[in-house]
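Side chains included, hydrogens not; waters and symmetry mates left out as well; all remaining heavy atoms used. By convention in this document, chain letters (A, B, ...) are assigned in the order of the sequence lines, proteins followed by strands, and residues within each chain are numbered from 1. Values in this document were obtained by computation on a predicted structure and should not be read as measured data.
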2 protein chains.
Amino acid sequence: MNVEFDQIALTPAYRRVADAITERILSRTLREGERLPPETELARQLGVNRSTVREALRELECSGLLERRPGSKRMTVTRPQHRAIAKDVSRALALHDVTFLEVWTALTEFEPPVAESAARSRNAADLEHLAAVRARFDAENAATDKAVHHTAEFFRALGAATHNQVFALVHEPLIELLEPSLRDMIDQVAQARSRIAAAQRRLLEALERRDPEAARQWMARHIRDFRKGYELAGIDLRHRIG
Amino acid sequence: MNVEFDQIALTPAYRRVADAITERILSRTLREGERLPPETELARQLGVNRSTVREALRELECSGLLERRPGSKRMTVTRPQHRAIAKDVSRALALHDVTFLEVWTALTEFEPPVAESAARSRNAADLEHLAAVRARFDAENAATDKAVHHTAEFFRALGAATHNQVFALVHEPLIELLEPSLRDMIDQVAQARSRIAAAQRRLLEALERRDPEAARQWMARHIRDFRKGYELAGIDLRHRIG
DNA sequence: ACGGTATTATTGTCCGACAATCCGGCTATC
DNA sequence: GATAGCCGGATTGTCGGACAATAATACCGT
């Protein structure tokens with residue numbers, strides 16, 4: 001008889017604890033909003049020390065499956081926030097020395113469909129929100145930070161207007177990566193602010209008319225404009241971001 | 001004199017420790033591949049207990065900034081792996097009850113540009129890899145798991161062939177989300193395998209000819225085919241994934 | 001210089017402790 | 001009866017120390 005041994009599970013306990021709790025959340029045995037049992041209780045149930053449980057909890061906390069509501073002790077089960085996930089994505093890309101050219105190319109291909117889809121799926125509330133964001137850009141774009149922030153918010157509002165979570169989540173990192181270089185460009189190119197304002201106006205009009213084709217085209221121009229701005233500002237597109 | 005108090009920093013120590021180390025990595029003070037100092041040393045330097053350091057390390061580990069090389073004790077600084085990040089993204093989307101319709105819509109818009117870009121940027125090695133993946137699909141697609149896996153791998157290889165990290169990272173979650181429902185479909189639709197094989201052949205030919213337009217169009221058909229398959233299999237597109 | 005061994009360093013896990021503070025119930029007041 | 005304030009118990013954040021297992025390193029003989 002051939003007696004072979006399986007590879008012993010070398011995964012540390014904190015990891016297996018994390019996996020166990022994750023599994024409960026993904027299978028929706030633990031539902032969103034529900035409070036997690038106390039650490040001591042978890043430790044007792046799982047047969048490990050509280051310190052081990054705590055290490056596992058840190059892991060779940062950072063992957064966005066648990067959160068501590070402000071002014072609350074116990075942790076509650078939650079779903080990862082799109083914004084937080086997108087931050088991780090853009091951080092990863094930045095660490096991998098992604099260039100602005102790569103980001104711009106992706107924007108060129110991905111944003112026009114987002115705009116097109118938004119023109120199809122937007123509802124009255126989306127329109128209102130977009131108009132508000134655009135108004136804020138027009139009102140306060142003197143400070144670089146404000147201008148960049150409002151520009152990004154307009155993109156985000158478009159993503160939300162598609163009512164497609166995949167669109168919204170996937171284009172969020174692109175916006176995140178656009179911001180730092182936009183900050184550099186917007187101050188060196190005099191006409192940048194007015195061109196952004198114009199693009200936002202056209203896009204909003206297209207959305208109001210529910211005109212997907214126009215939305216797509218104005219977005220395409222908007223993105224091309226960014227590139228022109230970078231070239232005018234003399235920024236090297238192959239330079240890494242962040 | 002107006003004596004106002006700042007909001008007391010209520011962020012727990014483990015979080016601030018994590019932030020401190022993260023900052024060091026992002027600023028590249030700690031470079032990739034470098035080994036982190038021992039936990040006791042970190043605790044001493046930061047003036048906290050080792051348990052606190054360990055909680056912080058779990059956080060960095062799960063965000064992919066640190067990893068433990070197999071058969072190694074100390075942790076080394078690393079960059080988040082695209083695959084791991086994509087897993088988080090698709091998990092988040094699944095938890096948010098994304099529907100197959102949303103995924104399919106995103107595929108419709110995002111994959112053709114990826115194919116187009118791949119046709120432009122592919123090099124000989126990419127072509128070879130793609131051919132190998134396609135050959136594997138042709139050779140072993142009897143088992144559902146294999147067929148699904150090879151289909152996904154072909155998409156991944158296309159993403160890599162764009163030589164654009166943003167493309168590659170952004171479409172990865174889409175593939176991840178496609179897999180489970182593809183698994184359901186592929187067994188119920190007799191012609192699914194041959195249609196996938198045909199699409200892969202056409203795509204590969206387009207890439208060989210460096211024909212972006214053909215690549216885009218064949219990909220668009222490929223994605224449309226998926227939808228037809230789901231409809232033939234009687235799968236509700238509005239059903240949530242996962 | 002090198003392969004193998006002994007020593008040390010480091011991690012994974014446990015235990016116990018304590019202050020801060022959140023939570024839930026109780027009481028007093030209106 | 002509702003509400004505000006109070007109080008004790010429950011829970012978390014952080015600490016200190018301990019120990020076995022094993023990776024890392026120094027050492028040593030050839």
K.L.:
How would you list, by chain and number, every residue that makes a salt bridge (charged side-chain N to carboxylate O under 4.0 Å, His left out) with E172(A), sequence neighbours excluded?
P.N.:
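Only R83(A), R156(A) meet the salt bridge (charged side-chain N to carboxylate O under 4.0 Å, His left out) criterion with E172(A).
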K.L.:
Is any NZ, NE, NH1 or NH2 atom of the basic residue among E55(B) and R58(B) found under 4.0 Å from an Asp or Glu carboxylate oxygen of the other?
P.N.:
no
K.L.:
Q200(A): which residues meet the side chain to side chain donor-acceptor pair (under 3.5 Å) condition with it, sequence neighbours left out?
P.N.:
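Here no residue qualifies.
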K.L.:
Can you check each nucleotide of nucleotides 10-20 of chain D against protein heavy atoms at under 4.0 Å and return B for base, S for sugar-phosphate only, - for none, in 5' to 3' order?
P.N.:
-BBBBBB-B--
K.L.:
Could you tell me whether E59(A) and R15(A) have a side-chain N and a carboxylate O separated by less than 4.0 Å?
P.N.:
yes
K.L.:
Would the distance check show the side chain of D97(B) and the main-chain N or O of R240(B) forming a donor-acceptor pair, the cut-off being under 3.5 Å?
P.N.:
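Flag not set: sc D97(B) to bb R240(B) has no pair under 3.5 Å.
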